[in-house]
Amino acid sequence: MAKRVVVGLSGGVDSSVAAYLLKKQGYDVTAVFMINWHDKTGVLDADCPWDEDVLFAEMVAKKLGIPFHVEDLSVPYKKRVIDYMFSEYERGRTPNPDVLCNREIKFDEFFKATEKFQPDFVATGHYCKKEETEVQGNRVYRLMAGDDPNKEQSYFLCQLSQEQLSKTLFPIGHLRKEEVRKIAREQKLASADKKDSQGICFVGKVHLPDFLQQKLEPREGNIFEIPANSPLYNNGQPDSLEAQITPIKYKISDGEFVGKHQGAHFFTIGQRKGLQVGGKKEPLFVISTDVEKNRIFVGQGQTHPGLYRKGLHIHRDEIHWVRSDLTMQTGEIRNYMVRIRYRQALEKATLYMKDGGMYIIFDEPQRGVAAGQFAAWYEGGELLGSGVIG
RNA sequence: UGACCCGUGGUGUAAUUGGCAACACAUCUGAUUUUGGUUCAGAAGAGUCCAGGUUCGAGCCCUGGCGGGUCAA
């Protein structure tokens, strides 16, 4: 008897080909489209985001001859992703809604919503791979980077658990985007040449200030420029772990007033656009925000020392091991490759496990380390764990 | 009050011996990107504080205003 798989069919080319491959491999495939967002406030391209997608999904399902269902997960999506996003921005942090979307919705609510189809697996069109191994007699699932270096999406799944992985299939992780499109064309799938989706998953491409202003009030505040040669950057030898992970707390007197903003919580570290301060020789980048006092501190040029940090800290409660069998014990030190943002190169780092949490110290200072984003550590193409940057 | 300097796109600057204004930043659009980080490409945007004058022709020369600054007392 064929194994049964529910595939999350989004209407895009990736999940379409995933469904096709599963069918070809002999699975009993059921397609389910999730609706997660109705509101169009602040969304660009107001041309009906999902009603078009659902049409594509249905066409693909029909073409493949597989059952097609729609599940509305917009209530939990709002509660578990969007609300989190607002509250993080409000606290002056930079959330990653898509990581949450995967952990909370696609690999949780969606699992529950499709239980009625009694699937053996749930599949998605992510560019990553699952492998299995055995550790001391126990089966262990490994989350591997996708083979297309350009589309590789393991980072977005960095918060998945063994439990979630055990039920998951990633049919296209070994393919490159061109190959996926080629297959889709050969099979004449409606989504073959559909443009890749962008923006916050399910919500779509948004004008962030407008979107955030549904909940967060604009508040005028001041912008201060910190000179690159500020004495703040010469503080001796910051060799202690604590010193290396602690961001500088800037004061007004450290810099010079250069302009006004409409709310410090709308900005993230490393951001260039939207400051509306011109007349500088080089572009200004946000190096720090103070939401309580509603101040933004900026530095001039790509190489401004304030843009870089040697390390970061993850609170004990926020540490997540995809490979739970590899969990570090207090006092342990390991070397892994780490990334702190999607599509960023992996960087060499040393992880120190302490009582309060994990310290990640990079070999080279990293640009734009933003609280709220996820740091994910890898070894040999496998994502081992991740955590919210504190 | 006396002397000197300055006044150019949103901002900061540039424009050889006078020949219809350049660059950077900001802005906008597009590309890239399942996080408005970044990056990349393109576009728009001033007729040069005002009023006169010299000249074939002035942002650049002259005169007078207005505005800002520096030094002097």
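Chain A is the first sequence line, chain B the second, and so forth, proteins listed ahead of strands; every chain is numbered from 1.
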For B:U34, does OP1 or OP2 lie under 4.0 Å from any side-chain N or O of A:Lys151?
yes

Check whether any side-chain N or O of A:Arg272 sits under 4.0 Å from OP1 or OP2 of B:U39, and answer yes or no.
yes

Pair A:Arg339-A:Tyr155, side-chain donor/acceptor within less than 3.5 Å
no

Strictly below 4.0 Å, N to O, side chains only: are [X] and [Y] in salt-bridge contact?
| X | Y | result |
| --- | --- | --- |
| A:Asp53 | A:Lys194 | yes |
| A:Asp14 | A:Lys151 | no |
| A:Arg4 | A:Asp28 | yes |
| A:Glu379 | A:Arg142 | no |
| A:Asp147 | A:Arg176 | no |
| A:Glu382 | A:Arg323 | yes |
| A:Arg185 | A:Asp193 | yes |
| A:Glu282 | A:Lys280 | no |

Which residues in residues 163-181 of chain A have at least one heavy atom lying under 4.0 Å from any atom of RNA chain B?
none

Sorted by number, residues from residues 274-287 of chain A placing a heavy atom under 4.0 Å from RNA chain B are A:Gly274, A:Leu275, A:Gln276, A:Val277, A:Gly278, A:Gly279, A:Lys280, A:Lys281, A:Glu282, A:Pro283, A:Phe285

Does the separation of the ring centres of A:His304 and A:Tyr233 fall below 6.0 angstrom?
yes

Could you work out which one of [options] sits closest to the side chain of [X]?
| X | options | answer |
| --- | --- | --- |
| A:Thr268 | B:G37, B:U38, B:U35 | B:G37 |
| A:Phe156 | B:U32, B:A26, B:U35 | B:U35 |
| A:His126 | B:G37, B:U39, B:U34 | B:U34 |

Under a 3.5 Å limit for both distances, which nucleotide forms a Watson-Crick or G-U wobble pair with [N], could you say?
| N | answer |
| --- | --- |
| B:C28 | B:G42 |
| B:C60 | none |
| B:U70 | B:A3 |
| B:G47 | none |
| B:G12 | B:C23 |
| B:U34 | none |

Check every strand shown and say whether A:Lys106 touches a base, only sugar-phosphate, or nothing at a heavy-atom separation below 4.0 Å.
base

Please classify the nucleic acid contact of A:Gln302 as base, sugar-phosphate, or nothing, using heavy-atom distances under 4.0 Å.
sugar-phosphate

B:G12 and B:U39, which share atom name C1', separated by this distance in whole Å
24 Å

Just the atom pairs and distances: protein N or O near nucleotides 45-47 of chain B's N or O, under 3.5 Å.
none

Tell me which of A:Arg367 and A:Thr94 sits closer to the 5' end of RNA chain B, going by the nucleotide each one is nearest to.
A:Thr94

Whole Å only: how far is the CZ atom of A:Arg341 from the C1' atom of B:U34?
15 Å

If I take atom OH in residue A:Tyr342 and atom C1' in nucleotide B:G37, what distance separates them, rounded to the nearest angstrom?
14 Å

Describe, in one word, how the ring planes of A:His126 and A:Phe170 are oriented to each other, choosing from parallel (under 30°), tilted (30 to 60°) and perpendicular (over 60°).
perpendicular

